[in-house]
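For reference, the structure discussed in these notes is given below.
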There are 2 protein chains.
Amino acid sequence: MWLCIDLCQIRDMSKHELPIIDAGVPDAACCAPLACEPLSESEAVELAPLFKAIADPVRLRLLSLIACHEGGETCVCDLTAAFDLTPPTISHHLKVLKQAGLIDSERRGTWVYYWIKPEVLARMSALIGPASPALAGTA
Amino acid sequence: MWLCIDLCQIRDMSKHELPIIDAGVPDAACCAPLACEPLSESEAVELAPLFKAIADPVRLRLLSLIACHEGGETCVCDLTAAFDLTPPTISHHLKVLKQAGLIDSERRGTWVYYWIKPEVLARMSALIGPASPALAGTA
DNA sequence: CCATTGCTTAGAAGTTCATCGAAGCAAGCA
DNA sequence: TGCTTGCTTCGATGAACTTCTAAGCAATGG
């Protein structure tokens with residue numbers, strides 16, 4: 001049995017009001033952070049590419065730029081402008097992020113828009129974070 | 001002002017005893033998750049190697065094995081036995097993790113023991129996780 | 001229909017990385 | 001002292017990665 005806490009809310013709350021979001025039995029993907037039980041080889045093979053996708057300064061910044069953009073989505077032209085790299089290079093990095101499942105995109109008229117998939121990032125965060133399964137229930 | 005909470009302790013504590021570890025003003029590296037404001041280039045350059053260190057199936061499993069081991073530390077011989085790889089390869093991966101600051105080691109007699117540095121993992125988790133500043137105060 | 005702009009794909013060059021075998025060092029033991 | 005075990009360092013090899021230029025495709029506008 002786990003005490004699952006929504007960390008998003010903690011800082012805005014009295015310390016006497018911690019919410020119990022999920023007190024059920026965890027399933028494999030949900031409540032097994034790195035430190036609870038050893039990762040199987042297949043799990044590691046599945047998870048490592050997610051971290052590899054963000055293991056690059058350009059892609060980390062791209063992800064951050066997309067995540068921060070108001071409206072939740074960003075045009076490629078805005079992203080390209082933020083770097084000292086050619087458009088093909090930015091396009092390559094966006095493709096890596098998209099193939100990892102961290103972002104998604106859509107063409108609307110002339111421009112292509114990208115947005116992040118927060119549930120995947122939340123899963124990664126929960127995996128390496130302290131033994132709190134909060135927010136790891138998706139994907 | 002941020003209320004930074006040591007999540008490692010929460011599950012073992014009454015919910016009326018949350019420790020306030022740091023209520024000071026955050027410095028740049030502390031409380032700015034990916035989605036709050038765009039990562040600067042220097043921040044990205046500093047953070048990407050941390051994710052690169054765990055962006056490998058072998059290193060993910062090594063980290064998990066070390067984190068799970070009772071007593072909090074693991075002998076290299078136990079780690080090597082868990083993989084189908086030669087000792088030099090395991091040693092190489094441990095070195096990568098150590099140089100990234102994710103683990104530390106000490107020789108005691110014949111054996112070398114490794115243990116994880118949870119505050120670094122917590123910082124990484126907080127960076128990519130939902131907009132909660134908890135636990136990002138170290139490193 | 002052709003020209004322009006926005007973005008992606010293709011292909012190549014240089015670099016980094018994972019892995020191994022061989023060799024080295026450190027500690028314990030005969 | 002010399003042998004054995006545990007782990008690391010060294011050096012090499014083949015694969016993967018980042019970046020670029022050139023070329024291609026999609027949409028808009030004259």
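Only heavy atoms go into these numbers, but all of them, side chains included; no hydrogens, no water, no symmetry mates. Quick caveat, the model's predicted, so the values are computed rather than measured.
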Margin query: Checking A:Glu46 against A:Arg123 for the salt bridge (charged side-chain N to carboxylate O under 4.0 Å, His left out) test, could you report, in this order, the C-alpha distance in whole Å, the side-chain angles of both residues, the deciding distance, and whether it holds?
Written below: CA-CA 12 Å; A:Glu46 179 201 355; A:Arg123 182 188 174 201; 3.5 Å; yes
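Residue B:Leu65 is not grouped with residue B:Trp111 when hydrophobic side chains (ILVMFWY) are merged at heavy-atom distances under 4.5 angstrom, including chains of intermediate members.
Among the heavy atoms of the strands, none lies under 4.0 Å from B:Phe83. Across all strands shown, A:Ile90 has no heavy atoms under 4.0 Å from either base or sugar-phosphate atoms.
Here C:dT9 presents its P atom at 11 Å from CG of A:Leu94, a figure rounded to the nearest Å. The distance between atom NE2 of B:His92 and atom C1' of C:dA18, rounded to the nearest whole Å, is 6 Å.
Atom CD of A:Glu41 has 12 or fewer heavy atoms from other residues, nucleotides or ligands within 6.0 Å.
A distance-only check finds no donor-acceptor pair linking the side chain of B:Gln99 to the backbone of B:Val96 [under 3.5 Å]. A donor-acceptor pair is defined here as one N or O able to donate and one able to accept, closer than 3.5 Å; such a pair exists between the side chain of A:Thr80 and the backbone of A:Val76.
Not counting sequence neighbours, the partners of B:Lys98 by the side chain to side chain donor-acceptor pair (under 3.5 Å) test are B:Ser105. Judged as a side chain to side chain donor-acceptor pair (under 3.5 Å), and not counting sequence neighbours, A:His92 has no contacts.
Scanning residues 49-77 of chain B for heavy-atom distances under 4.0 Å to DNA chain C yields B:Lys52, B:Asp56, B:Arg59.
In this structure, CD1 in B:Ile116 is found 11.5 Å from CG in B:Asp104, a value given to the nearest 0.5 Å. Rounding to the nearest 0.5 angstrom, the gap separating the CG atom in B:Leu60 from the CD1 atom in A:Ile128 is 9.0 Å.
From the 5' end on, the contacts that DNA chain D makes with chain B at under 4.0 Å to a non-hydrogen atom open and close at D:dG6 to D:dT9.
With B:Tyr113 as the aromatic partner, B:Arg107 does not meet the cation-pi criteria of under 6.0 angstrom to the ring centre and within 45 degrees of the ring axis.
Both A:His93 and B:Pro88 sit near DNA chain D, but only B:Pro88 has its closest nucleotide nearer the 5' end.
Sorted by first and then second residue, the side chain to side chain donor-acceptor pair (under 3.5 Å) pairs with a member in residues 56-70 of chain A read A:Arg59-A:His93; sequence neighbours excluded.
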Check: How does each nucleotide of nucleotides 24-30 of chain C score, in 5' to 3' order, for protein heavy atoms under 4.0 Å: base (B), sugar-phosphate only (S), or none (-)?
Finding: ---SS--
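The phosphate of C:dA18 has neither OP1 nor OP2 within less than 4.0 Å of any side-chain N or O from B:Thr89.
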